[in-house]
Amino acid sequence: MSSPLAPPRSFLWSRRIFLTLLTGFVLVPVYVMVSSSLKPLADVTGTFRWLPSELTVRPYIDIWSTVPLARYFVNSLVVAGAATVCSVVIAVFSAYAVSRYDFRGKRVFTVTVLSTQMFPGILFLLPLFLIYVNIGNATGIALFGSRGGLILTYLTFSLPFSIWMLIGYFDSVPRDLDEAALVDGCGPLGALFRIVVPAAVPGIVAVAVYAFMTAWGEVLFASVMTNDTTRTLAVGLQGYSTLNDVYWNQIMAASLVVSVPVVAGFLLLQRYLVAGLTAGAVK
């Protein structure tokens, strides 16, 4: 006999149907991408078949020679990794100061940091372009077309959200732990690195994953702020489309290859990411 608190059978069947349709909606594009990456170009450009008539791994070999994919891969790793490290370090110190100390303009700073997320990124494209060009002309520091300039650009997007999320997470760490550390002889930095940071590892990991994913897949600024030597993967994939042909099978293969680091990192850090997002959202 079913429990009186059990949901009705119609609800269970509706949920199953909805989840089945949602799963198919997610997995069908992935299957098309994988199957297309294993087909010859003639099969991909012809009539689509759910079951490939011929399987080949040649696209996964050709993607490295058609465009300098390895160089783009290194550029993306350097830019995304540096932006992630800088974002985490700056956000930790900033969020700790806001969470633990009272100072003039604290509320204005918090609101300003959060309000920057309201504006679309394209509004900052032309101003940053002009700033980088003028700095290069005045000082000789090449920010436009360099990895360093792209890293600074990505910090303008990842830092505000990172600071805001870590403020909420640090607020959830009891201040009694800081006071106990200060009584034991730790200074403010000692309390931060010995007490607060270990307790806030899930939040810090969530910030790192967010910053990395933001930098890894960004297209708009990378297409303007880079050149042939500093181009990232998100922009470099356009090289598989030429005036004469579009190598769809190589595009699918390259898309799968460049997605591996993000997917693997997300799966490994998933429990930290969920814990960090939920703890940082609720005070």
Side-chain angles (χ1 to χ4, degrees), residues 76-121 123-124 128 131 143 147-175 177-178 181 186-218 221-222 225 232 261-262 265-266 268-283:
S76 291
L77 282 178
V78 172
V79 171
T84 300
V85 172
C86 294
S87 180
V88 169
V89 172
I90 298 174
V92 165
F93 285 105
S94 302
Y96 182 73
V98 174
S99 175
R100 291 300 191 264
Y101 298 100
D102 292 324
F103 53 88
R104 182 176 299 178
K106 174 180 177 179
R107 182 174 180 81
V108 175
F109 173 79
T110 306
V111 173
T112 302
V113 166
L114 186 58
S115 63
T116 57
Q117 301 297 297
M118 299 167 52
F119 303 100
L123 290 180
F124 303 100
L128 284 175
I131 290 173
L143 292 178
R147 293 174 179 173
L150 197 59
I151 292 170
L152 290 177
T153 302
Y154 290 157
L155 286 179
T156 62
F157 305 131
S158 60
L159 261 182
F161 180 79
S162 301
I163 294 173
W164 175 76
M165 189 165 66
L166 281 185
I167 289 174
Y169 203 95
F170 285 172
D171 286 343
S172 66
V173 178
R175 296 196 179 190
L177 298 177
D178 301 41
C186 290
L189 292 180
L192 171 62
F193 290 110
R194 295 185 180 182
I195 304 298
V196 179
V197 169
V201 168
I204 295 174
V205 171
V207 166
V209 172
Y210 167 79
F212 186 87
M213 293 180 65
T214 300
W216 186 264
E218 201 279 327
F221 286 86
M225 299 293 186
T232 59
V262 176
F266 181 82
L268 291 174
L269 303 174
Q270 182 180 11
R271 61 189 183 97
Y272 294 105
L273 180 63
V274 174
L277 290 175
T278 54
V282 180
K283 297 184 181 180

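Values below: all heavy atoms of this structure, side chains included; hydrogens, waters and symmetry mates excluded.
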Heavy-atom pair with the smallest gap, counting every atom of R100 and V196
NH2-CG2, 4.2 Å
Would V92 and V207 count as a side-chain contact (heavy atoms from CB on, under 4.5 Å) here? Give the steps.
CA-CA 10 Å; V92 165; V207 166; over 6 Å; no
Rounded to the nearest 0.5 Å, what separation is found between the CE atom of M213 and the OG1 atom of T84?
11.0 Å
Atom CD1 of I167 and atom OG of S99: how far apart are they, to the nearest 0.5 Å?
7.5 Å
When rounded to the nearest 0.5 angstrom, what is the spacing between OH in Y210 and OG in S87?
8.5 Å
If you look at every heavy atom in A83 and L155, which pair is closest and at what distance?
O-CD2, 3.6 Å
Could you tell me if the side chain of L128 sits less than 4.5 Å from the side chain of L143, heavy atoms only?
no
Going by the angle between their ring planes, with limits at 30° and 60°, are F193 and F93 parallel, tilted or perpendicular?
perpendicular
Atom CZ of F221 and atom CZ of F124: how far apart are they, to the nearest 0.5 Å?
7.5 Å
So with a 6.0 Å cut-off around CZ of R194, is the heavy-atom count from everything else above 12?
no
Nearest 0.5 angstrom please: I163 CD1 to F170 CZ, how far?
11.0 Å
Do W216 and T232 pass the side-chain contact (heavy atoms from CB on, under 4.5 Å) test, and can you show the C-alpha distance, the side-chain angles, and the key distance before you say yes or no?
CA-CA 8 Å; W216 186 264; T232 59; over 6 Å; no
Non-hydrogen atoms of Y154 and A222 that approach each other most closely
OH-CB, 3.5 Å
Establish, from distance only, whether the side-chain atoms of T214 and S158 form a donor-acceptor pair under 3.5 Å.
no
Any idea which heavy atoms bring I204 and L166 closest together, and the distance?
N-CD2, 3.9 Å
Measure up the F161 and W164 rings against each other and bin them: parallel (under 30°), tilted (30 to 60°), perpendicular (over 60°).
tilted
OG/S76 to CD/E218 distance, rounded to the nearest 0.5 angstrom?
10.5 Å
Y96 versus A191, closest heavy-atom pair with distance:
OH-CB, 4.1 Å
